[in-house]
There are 4 protein chains.
Amino acid sequence: MASPPENRPRGAGRPRSAAADRAILSATRSALVELGWSALTMSAVASRAQVARTTLYRRWPGKSELVVDAVADLFDERLELPDRGSLAADIEWVVLRFAALLEQPETKTGLMAVLAEATRDEALRARIRSAIVGRQKALVLRGRARAQDRGELAPDPPGDAGARQAARTVDLIFDVVAGSVIHRALVSSEPVDEDWARDFAALVTGGLTGAGPRTG
Amino acid sequence: MASPPENRPRGAGRPRSAAADRAILSATRSALVELGWSALTMSAVASRAQVARTTLYRRWPGKSELVVDAVADLFDERLELPDRGSLAADIEWVVLRFAALLEQPETKTGLMAVLAEATRDEALRARIRSAIVGRQKALVLRGRARAQDRGELAPDPPGDAGARQAARTVDLIFDVVAGSVIHRALVSSEPVDEDWARDFAALVTGGLTGAGPRTG
Amino acid sequence: MASPPENRPRGAGRPRSAAADRAILSATRSALVELGWSALTMSAVASRAQVARTTLYRRWPGKSELVVDAVADLFDERLELPDRGSLAADIEWVVLRFAALLEQPETKTGLMAVLAEATRDEALRARIRSAIVGRQKALVLRGRARAQDRGELAPDPPGDAGARQAARTVDLIFDVVAGSVIHRALVSSEPVDEDWARDFAALVTGGLTGAGPRTG
Amino acid sequence: MASPPENRPRGAGRPRSAAADRAILSATRSALVELGWSALTMSAVASRAQVARTTLYRRWPGKSELVVDAVADLFDERLELPDRGSLAADIEWVVLRFAALLEQPETKTGLMAVLAEATRDEALRARIRSAIVGRQKALVLRGRARAQDRGELAPDPPGDAGARQAARTVDLIFDVVAGSVIHRALVSSEPVDEDWARDFAALVTGGLTGAGPRTG
DNA sequence: CCCTAAGCGAGACGGTACGTCCCGTCTTGCG
DNA sequence: CGCAAGACGGGACGTACCGTCTCGCTTAGGG
């Protein structure tokens with residue numbers, strides 16, 4: 001759940017309203033869709049959330065951080081990976097699932113804007129990774145393990161070297177899957193439909209089962 | 001060369017200074033690096049370019065358009081693709097080449113910012129595609145043709161269906177290559193080094209030469 | 001002693017801390033000196049008095065009232081009028097005494113600020129008159145009586161008309177003395193020293209003993 | 001005429017609107033009357049003057065300075081001193097004239113507030129003296145000269161000592177007249193009517209013609 | 001001796017004004 | 001007409017206080 005960091009002493013003083021938190025994040029998302037990043041103002045969010053502007057600043061340092069948290073919620077939804085029978089089918093499913101997320105205007109606008117803002121701000125980048133991107137990586141891990149169980153992929157070699165190699169592969173797959181879908185959807189402005197998903201899954205599966213990355 | 005559209009009547013009055021154009025675009029790039037997108041102001045550009053703010057507005061409608069033009073220049077550099085002997089080696093070379101471009105702070109910041117801005121603006125998105133992204137696609141075409149000459153990839157089937165199939169594959173490869181590199185560099189914040197490029201190239205080559213996208 | 005009105009039911013519950021009252025008024029005075037009226041905030045007073053902001057509001061309705069009470073204390077000091085032997089000497093003494101009070105930064109700032117605030121608020125003006133200004137008038141009465149005893153001034157004529165006439169004169173003297181000193185010290189920004197006091201006393205004594213106000 | 005200092009380079013750029021200046025000062029005065037010092041905001045002034053808030057800040061650093069200039073205008077009115085035939089009558093006239101000024105709510109509120117603010121700010125105090133208070137002193141000089149011509153007052157002794165003595169007397173009278181009237185009107189909250197003016201004039205004339213300040 | 005009503009600290013809350021910065025437009029005067 | 005300079009109306013920013021409101025914890029009487 002996305003919300004401002006709660007490392008406050010607690011005990012003294014009136015507690016913060018949890019309802020306000022929810023209202024603010026929700027208002028941020030809807031305002032983001034209607035106004036876009038640059039026209040999104042703290043005032044707009046505040047008035048939509050029926051909350052004073054100061055309350056926003058009490059919880060978040062600025063627009064970027066607020067939007068990151070607001071957008072992160074959207075990526076919190078079900079991350080289950082139903083077993084579709086084969087590695088290729090699993091990949092297709094993930095791709096379409098992710099694409100559906102990027103279809104939603106709020107996700108699209110928010111994600112890109114926040115990424116752009118993060119270009120110059122490593123702290124923000126880290127926040128994005130932990131709040132949004134990182135948790136998607138679990139999917140890759142699960143799908144890979146399942147493919148190994150099925151015998152589609154070779155099991156990890158034992159030992160430290162094997163673990164390192166596995167991690168490298170997971171990172172690679174993750175960048176390829178997420179990056180390709182984002183690029184297709186947001187840069188090329190072409191639909192990520194079933195056809196594309198099938199082509200993409202075939203490409204990746206072929207690469208993985210055929211040669212696979214060579215050991216460094 | 002990026003510059004403001006020149007569909008002006010021409011003839012009467014003092015002509016616009018070409019030197020100003022150059023100074024402005026260059027100032028925009030340097031300011032973008034130092035300040036980042038959001039802190040980049042027209043005033044800042046104007047004072048760096050030793051130019052009045054009015055002069056900027058006479059040539060570009062706003063910040064986004066100015067930055068797109070300024071950044072586009074950077075992608076105009078050499079797009080040659082030396083023959084490295086194999087498909088995998090060619091891909092590696094392209095990846096590292098592109099990564100080097102993204103290392104430059106101006107490219108990184110500018111590209112992401114402009115993409116984010118474009119999320120809500122199809123006209124801007126088109127401008128980006130034609131000015132920046134599109135011309136990269138030529139590389140993919142050339143590399144693929146070369147691999148077909150070498151026999152690494154099957155030649156395109158004849159007829160319309162074959163051409164469509166070829167176009168689909170080119171688009172796919174392009175999204176995969178560009179997207180993966182961008183994601184690795186700008187989201188995961190991990191280096192796009194020779195090791196990663198080799199792994200990536202192996203993955204893609206395996207997918208292409210092994211199964212390849214099935215015909216829809 | 002200045003303090004918040006105590007018309008509270010009394011009996012049940014924890015009684016208010018008298019120490020807090022003292023700390024608050026003292027903190028108000030010191031803060032007033034260091035910060036001036038406009039920069040003086042309830043928060044500043046609270047933190048100096050080691051007291052919660054709420055405690056202030058429980059006792060005073062706002063800044064003006066708090067400052068009036070705090071400043072009034074300063075005018076509570078010794079109001080004795082030693083017999084200096086002549087009307088002129090008595091006036092000199094009063095003038096220098098008052099000037100010394102206005103030298104103190106807390107009195108100066110506080111008095112003017114409170115007067116300004118009172119310009120639009122008759123209730124506050126009344127409070128000031130009764131808490132601060134009014135009690136100074138006793139000095140004039142005493143000095144005048146003494147001068148009449150000495151024979152420097154004519155005794156009050158008997159009857160109502162005489163009393164009214166006496167009251168008018170006292171009011172006049174009071175405004176002249178207080179007003180002149182305040183103007184010299186706070187507007188002209190010139191020192192109220194012994195020379196000035198002597199000149200002033202000479203002027204007033206001359207006016208009083210010579211012609212004196214004619215009967216209306 | 002009160003207005004922001006005009007020590008700007010001049011020549012380049014669009015000149016400031018003089019109409020705006022007038023509108024702002026006038027709006028300030030009316031807002032001051034209706035709202036009082038503390039409720040007077042820059043926004044209120046701006047909207048009354050049909051001017052952007054930034055325009056205010058371009059010309060004055062803050063509220064205090066703006067109000068000083070606005071109030072100063074009111075003291076710019078006719079400062080003539082008609083010859084009323086005697087020193088006492090002249091003084092009466094000046095007193096009533098000044099009192100009439102202080103009756104106007106704008107003058108009253110503005111003057112006191114500005115004086116209070118100036119208590120802690122010598123620069124502001126100087127500005128007040130030069131813009132408001134100082135020019136009133138000319139009246140005293142003229143009245144005194146006229147009384148000397150009439151023979152009511154002794155002529156100034158020649159030489160430096162005489163000039164110094166004259167200056168001291170003028171300063172004294174000025175503080176006494178202005179201070180007494182202000183105190184009567186704004187602190188005692190009593191009317192400065194013809195009766196009071198006559199009493200006051202009698203007191204001062206008596207002091208001047210009778211003993212007068214002794215030589216230090 | 002405990003009960004209870006108030007005091008008290010802390011701090012969140014809805015507001016409002018501040019003074020600054022930038023936007024995009026407009027008016028100047030000089031080439 | 002281009003151009004530099006800079007005023008203009010407008011709007012968002014982030015900060016500081018305001019006066020009110022909840023909290024949980026003292027802390028005195030009064031039963």
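Atom CH2 in W60(C) sits about 19 Å away from atom C1' in dT20(F), given to the nearest Å. Rounded to whole Å, the distance from CZ on R14(C) to P on dG7(E) is 9 Å. At whole-Å resolution of the value, CD1 in I24(B) and C1' in dG2(F) are 12 Å apart. Atom CG in L56(A) sits roughly 12 Å away from atom C1' in dG14(E) (whole-Å rounding). The nearest whole Å value for the distance from the CG atom in L66(A) to the C1' atom in dC13(F) is 15 Å. Following rounding to the nearest Å, R16(C) (CZ) and dG29(F) (P) show an atom-to-atom distance of 16 Å.
For R53(A) (side chain) and A46(A) (main-chain N/O), no donor-acceptor pair under 3.5 Å exists by modelled atom type. Proximity of a side-chain donor or acceptor of T28(A) to a complementary backbone N or O of I24(A) within less than 3.5 Å is detected. Panel note: side chain S47(C), backbone A44(C); a donor-acceptor pair is recorded below 3.5 Å.
For the helix from dC1(E)-dG31(F) to dG31(E)-dC1(F), the axis fitted to the five pairs at one end and the axis fitted to the five pairs at the other end meet at an angle of 10° (nearest 10 degrees).
Between the CG atom in L66(D) and the NZ atom in K63(D) there is a gap of 10.0 Å [rounded to 0.5 Å].
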Where do N or O atoms of nucleotides 18-22 of chain E meet protein N or O atoms at under 3.5 Å, pair by pair?
residue	atom	partner	partner atom	Å
dC18(E)	OP1	M42(D)	N	3.2
dC18(E)	OP2	M42(D)	N	3.0
dG19(E)	OP2	Y57(D)	OH	2.8
dG19(E)	N7	R53(D)	NH1	2.9
dG19(E)	O6	R53(D)	NH2	2.9
dT20(E)	O4	R53(D)	NH2	3.4

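Looking only at side-chain heavy atoms (C-beta outward), L32(C) and V71(C) come within less than 4.5 Å of each other.
Residues satisfying the side chain to side chain contact (heavy atoms under 4.5 Å, CB included) test with A52(D), not counting sequence neighbours, are T54(D), T55(D).
A salt bridge links R48(C) with E34(C): at least one charged nitrogen is closer than 4.0 Å to a carboxylate oxygen. Salt-bridge check for R16(C) with D21(C): failed, with every basic side-chain N at 4.0 Å or more from each acidic carboxylate O.
Checking the phosphate oxygens (OP1, OP2) of dG7(E), no side-chain nitrogen or oxygen of S17(C) falls inside 4.0 Å.
The nearest pair of heavy atoms linking G62(D) to M42(D) is C-CE, 4.1 Å.
Counting only heavy atoms from C-beta on, A52(B) has its side chain closest to dA4(F) among dA4(F), dG15(E), dC8(F).
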